[in-house]
Student: 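One structure is given below, represented as structure tokens, and several questions about it will come after.
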Amino acid sequence: HHIAGDGWSMRPLASDVVAAYAARCAGESVSWPGLPVSYVDYALWQRDVLGDPADPGSVFGRQLAFWESALSGVPERVSLPLDRPRPVVGSFAGAVVPVVVPEAVFGRVSSAARAAGVTVFMVLQAGLAAVLARLGAGSDVVVGSGVAGRRDESLDDLVGFFVNTVVVRTDVSGDPSFGELLARVRESSLAAFDHQDVPFELVVERLNPVRSAGVHPLFQVALVVQNAEVGRFDLPGLSVAAEPVDTGTSKFDVTISVAEVFDDEGVAVGLRGFVEYATDLFDQSTVEAFVQRWLAVLDAGAADLGVRVSELPILVDSEHERLLHLASSTPHARELTPAAAEATVLDLVAGWDATLPAVAGADGRLSYGELWAESGRVAGWLRSLGVNRGDIVGVVCEPSATGIAVLLGVWRAGAAFCP
């Protein structure tokens, strides 16, 4: 169970199993060298070094103060397009889709990391922040990550659970270049790693964010790069292979977990892993498209550190083809004149051929003339209720032709709509 050992623990555990098995096969006993420290030693040391959380001068107190400042005003959740409404209480049901970062893309990511003075993890993190921002998460992107927690080499051969969770907050405001975004990720990541000793649950307890049974606190998307040495079960007379097991669960909305793939000479040539996602929220096809977007952003950003976040490609191939088909097959598409390019949406709708079809929905179709007339009725009704320019009008409706007329009517009344 994960409470007894982390990923790092698999190497010493595998080494011990292999040594014991080989000894038994040879009719011998195995003698174990003593470890410099035990897990109990580590726990006592951690408690002694961190000190009292209530003491502002202790390591614990200083690190908690850092997290209070670093995560002040953090968004309640990462806003992503969901396939289904978020349940009030999450079921933690999940599934996985594979992730493969090809050798060519990994090569560009590695080169970009060297050029920018960052780690591969930071490039992956920047690409993820850019994708989330482009998909609607805003400019304040929060992602969780895991740290090994083994800051002393005397812990290397110890089986136990040392992993902690940290939160990396990335500022994507101002449409930075990918290189600028990497610099921001580097700064926030290093600060988070420097304050990684406080258990995540105590950070949550101190910050006391708005809690919900359907949303993980502080972050909902996680990125994990597994770089611990893999345990090798090279047993005499046996061929052994790892067999991944899908648990059918997901701790967060989305978790990307990847590890480096090495060639025969031990050189890293790619990344491979999986995305674990909440089936309460997402379809498999949505997550597969999300992975493609992430890879496309990584490839483009790593190839040109000067490219702006707004210029990074996030459309998958099928979406490119569909949009090109729509652009070439739409019979009423027209070039905007310089004057029209300066016009408002209302100007354009009012100036369109009134007989042409404008919008269709489950409730029927409206021509541009009908759409303009219906939106005018809505605008007049809103003004009669006292709606003035600059007001905000709440709108609750299903996607429909009438709904479009309502939104235009709010604008015609001089107000903004809030879906």
Student: What residues form a ring-ring contact (aromatic ring centres under 6.0 Å, His included) with H1, not counting sequence neighbours?
Tutor: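 Partners of H1 under the ring-ring contact (aromatic ring centres under 6.0 Å, His included) test: none.
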Student: Mind checking ring-ring contact (aromatic ring centres under 6.0 Å, His included) for F262 and listing every partner two or more places apart, or none if nothing turns up?
Tutor: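 By the ring-ring contact (aromatic ring centres under 6.0 Å, His included) rule, F262 matches no residue at all.
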Student: How far apart are the C-alpha atoms of D152 and S154, what are their side-chain angles, what is the distance that settles it, and do they pass the side chain to side chain donor-acceptor pair (under 3.5 Å) test?
Tutor: CA-CA 5 Å; D152 192 297; S154 63; 2.7 Å; yes
Student: What verdict does the salt bridge (charged side-chain N to carboxylate O under 4.0 Å, His left out) test give for D253 and R86, after you've listed the backbone C-alpha separation in whole Å, the side-chain angles of each residue and the deciding distance to 0.1 Å?
Tutor: CA-CA 10 Å; D253 291 1; R86 184 183 296 275; 2.8 Å; yes
Student: Distance-only, no hydrogens or angles: does the D363 side chain make a donor-acceptor pair with backbone N or O of T402 under 3.5 Å?
Tutor: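 Yes; at least one donor-acceptor contact below 3.5 Å.
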Student: If only atom types and distance count, is the side chain of R308 paired as donor or acceptor with the main-chain N or O of D175 below 3.5 Å?
Tutor: yes
Student: Answer yes or no: is there an ion pair linking E187 with R184, defined by an N-O contact shorter than 4.0 Å?
Tutor: no
Student: Report yes or no: does R206 contribute a side-chain atom to a donor-acceptor pair with the main-chain N or O of E68 at less than 3.5 Å?
Tutor: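 No; zero donor-acceptor contacts below 3.5 Å.
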Student: Taking atom types as modelled, find out whether T249 and T247 have a side-chain donor-acceptor pair closer than 3.5 angstrom.
Tutor: yes
Student: Please assess R108 against S111 for the test side chain to side chain donor-acceptor pair (under 3.5 Å), listing each intermediate value before the final yes or no.
Tutor: CA-CA 5 Å; R108 282 188 277 276; S111 297; over 6 Å; no
Student: Is any side-chain heavy atom of R84 less than 4.5 Å from a side-chain heavy atom of D280?
Tutor: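 Heavy-atom side-chain distance check fails, nothing below 4.5 Å.
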Student: Could you pull out all residues at least two apart from F66 that satisfy ring-ring contact (aromatic ring centres under 6.0 Å, His included)?
Tutor: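 Residues passing ring-ring contact (aromatic ring centres under 6.0 Å, His included) with F66: H195.
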Student: List the residues meeting ring-ring contact (aromatic ring centres under 6.0 Å, His included) with F252, not counting sequence neighbours, and say none if there are none.
Tutor: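 F252 satisfies ring-ring contact (aromatic ring centres under 6.0 Å, His included) with H216, F219 once adjacent residues are dropped.
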Student: Which residues satisfy the side-chain contact (heavy atoms from CB on, under 4.5 Å) test with E76, sequence neighbours excluded?
Tutor: V210
Student: Quick check against the 3.5 Å criterion: does N388 have a side-chain atom that pairs as donor or acceptor with the backbone of G386?
Tutor: yes
Student: Donor-acceptor check, side chain of R150 to backbone of F162, threshold 3.5 angstrom: yes or no?
Tutor: no
Student: By side-chain contact (heavy atoms from CB on, under 4.5 Å), which residues pair with A413, not counting sequence neighbours?
Tutor: A379, L382, R383, V387
